[in-house]
Protein chains: 2
Amino acid sequence: MTASAQQSTPHFNAFAASCPSRRLLDTIGDKWVSLLIVALGLRGPLRYSQLTSQIEGVSQKMLTQSLRRMERDGLVTRTLTPSMPVRVDYELTLLGQSLLAVMNQLKEWAELHMSQVDAARAAYDRTTRGLEPPLPSRRPTATATGADTRISARRAHRSRSLWWSTGYHGRVSAVGLA
Amino acid sequence: MTASAQQSTPHFNAFAASCPSRRLLDTIGDKWVSLLIVALGLRGPLRYSQLTSQIEGVSQKMLTQSLRRMERDGLVTRTLTPSMPVRVDYELTLLGQSLLAVMNQLKEWAELHMSQVDAARAAYDRTTRGLEPPLPSRRPTATATGADTRISARRAHRSRSLWWSTGYHGRVSAVGLA
DNA sequence: CCGTATCCACATCGATACTG
DNA sequence: CAGTATCGATGTGGATACGG
């Protein structure tokens, strides 16, 4: 990873659209997956029902789906104990544990910086309000969906010698020097 | 909510369903956001067009949307330079930089462990194949959506004295002792 | 208890068209 | 260049019903 970065290992690169690691990035970035990793890392193996209560608001579907994917990816093991009430425990594998550190940091960052983010949002909304009207009604247009307003006479290309104008009227947050 | 379990800091807890930090966790776990953070952290400020090419496969819509959200959350700044071709640069804020370390680890973990995950998947699919039929056609059902097969006579509860049986016929990956 | 299957409202996202 | 707006296919996820 020192210089130009491409000879040490058969490297994966998440910046590449086709690289499998990008999908993996998506998977491990999932809300439920990250919470599950942290929960399982925090207190040993956990039963399905314990996870249900530990991770508030998760539905059976999402819980099972996430656990299944994690099991398939080798992040957790699933152990069935055929006791009287059937019991199933989930536990992090070594691979899963290697993710734990990162996930903890992710969750902690979110919790630690929540207030700063909130402040930033408030400031942003204060300076930018008006751009996003409350949109009270769906669409103030006539009852019939304006089907003809769509096309509109295509005006012939009027002198595009401007190429791209400097007179920018778009959204502005900060302006630099030309 | 007020009484037990917290007074040290006005703590956020992502395990709680209603905690705002959970949504934040969702946001920063987003594929595009994480790639953007890493890209911007890697080489200074970047222009919109540079991000387009740097992060392969991202659409205008997702790029703009992600950048906008990140700007609102105080993770990046947006600087407009009214030069001849209009130019817009995005740069990490201090808050954004504090996320960089975690994001780098996340992306690196994905790239470093991709092969292990692949192996785990292959192993899983080998032991579990048959559970997921190739589903060749969409749905072999008749043209009309089978509307009556839905209900089916609800059978009266037959002796549930078993409560929950031990004779588990479900999916088994590993079995523990009773 | 530990799931699976289905329905369906809603969010996501790519493609496309257009604009300052 | 750097967006915005809209459409439509697809995905996501909760609610519900049911089964070993």
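So you know, we letter chains A, B, ... as the sequences are listed, proteins then strands, and number each from 1. These numbers come from the heavy atoms of this one structure, side chains and all, not from hydrogens, waters or symmetry mates.
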DNA chain D contacts among residues 14-22 of chain A, heavy-atom distance under 4.0 Å: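 Those residues whose heavy atoms fall under 4.0 Å from DNA chain D, taken from residues 14-22 of chain A, amount to none.
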
Nucleic acid contacts of residues 47-57 of chain B, taken as heavy-atom distances under 4.0 Å to DNA chain D: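 The answer is B/R47, B/Y48, B/S49.
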
Distance check needed: [N] [atom2] versus [X] [atom1], whole Å only.
X: B/L80; N: D/dT4; atom1: CG; atom2: P; result: 12 Å
X: B/Q60; N: C/dT16; atom1: CD; atom2: C1'; result: 10 Å
X: A/R69; N: D/dG11; atom1: CZ; atom2: C1'; result: 12 Å
X: A/D26; N: D/dT12; atom1: CG; atom2: C1'; result: 12 Å
X: B/L63; N: C/dC13; atom1: CG; atom2: P; result: 13 Å
X: A/D30; N: D/dT12; atom1: CG; atom2: C1'; result: 10 Å
X: B/M84; N: D/dA2; atom1: CE; atom2: C1'; result: 14 Å

Of the listed nucleotides [options], the one nearest the side chain of [X]:
X: A/R171; options: D/dT4, D/dG14, C/dC1; value: D/dT4
X: A/V88; options: D/dC1, D/dG3, C/dG3; value: C/dG3
X: B/K61; options: D/dT6, D/dG3, D/dG13; value: D/dT6

Axis-to-axis angle between the two ends of the helix from C/dC1-D/dG20 to C/dG20-D/dC1 (five base pairs per end, rounded to 10 degrees):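 Overall, the helix from C/dC1-D/dG20 to C/dG20-D/dC1 bends by 50° from one end axis to the other.
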
Test side chain to side chain contact (heavy atoms under 4.5 Å, CB included) applied to [X] - qualifying residues, sequence neighbours left out:
X: B/S53; value: none
X: A/Q105; value: B/V102, B/Q105
X: A/Q54; value: A/A39, A/R43, B/F15

Can you list the residues that meet the side chain to side chain donor-acceptor pair (under 3.5 Å) rule with [X], with sequence neighbours excluded?
X: A/E111; result: A/K107
X: B/T77; result: none
X: A/D89; result: A/R87
X: B/R121; result: A/D73

Within-4.5 Å side-chain heavy-atom neighbours: A/M114 and A/D118: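 When only atoms from C-beta onward are counted, A/D118 and A/M114 do touch, with a gap below 4.5 Å.
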
Heavy-atom check, side chain of A/L35 versus side chain of A/V58, under 4.5 Å: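 No, their side chains stay 4.5 Å or more apart.
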
Sugar-phosphate, base or nothing in reach of A/Q65, heavy atoms under 4.0 Å: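 Touches nothing.
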
Inter- and intrachain pairs under salt bridge (charged side-chain N to carboxylate O under 4.0 Å, His left out), touching residues 20-38 of chain B, at least two apart: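 Qualifying pairs, neighbours excluded: A/D26-B/K31, A/K31-B/D26.
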
D/dT4 OP1/OP2 closer than 4.0 Å to side-chain N/O of B/R68: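 Yes.
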
Closest non-hydrogen atom pair between A/I37 and A/G96, with its separation: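 Minimum heavy-atom separation between A/I37 and A/G96: CG2-O, 4.3 Å.
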
Test ring pair (Phe, Tyr, Trp, His ring centres under 6.0 Å) applied to B/W32 - qualifying residues, sequence neighbours left out: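 Result, ring pair (Phe, Tyr, Trp, His ring centres under 6.0 Å) vs B/W32: none returned.
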
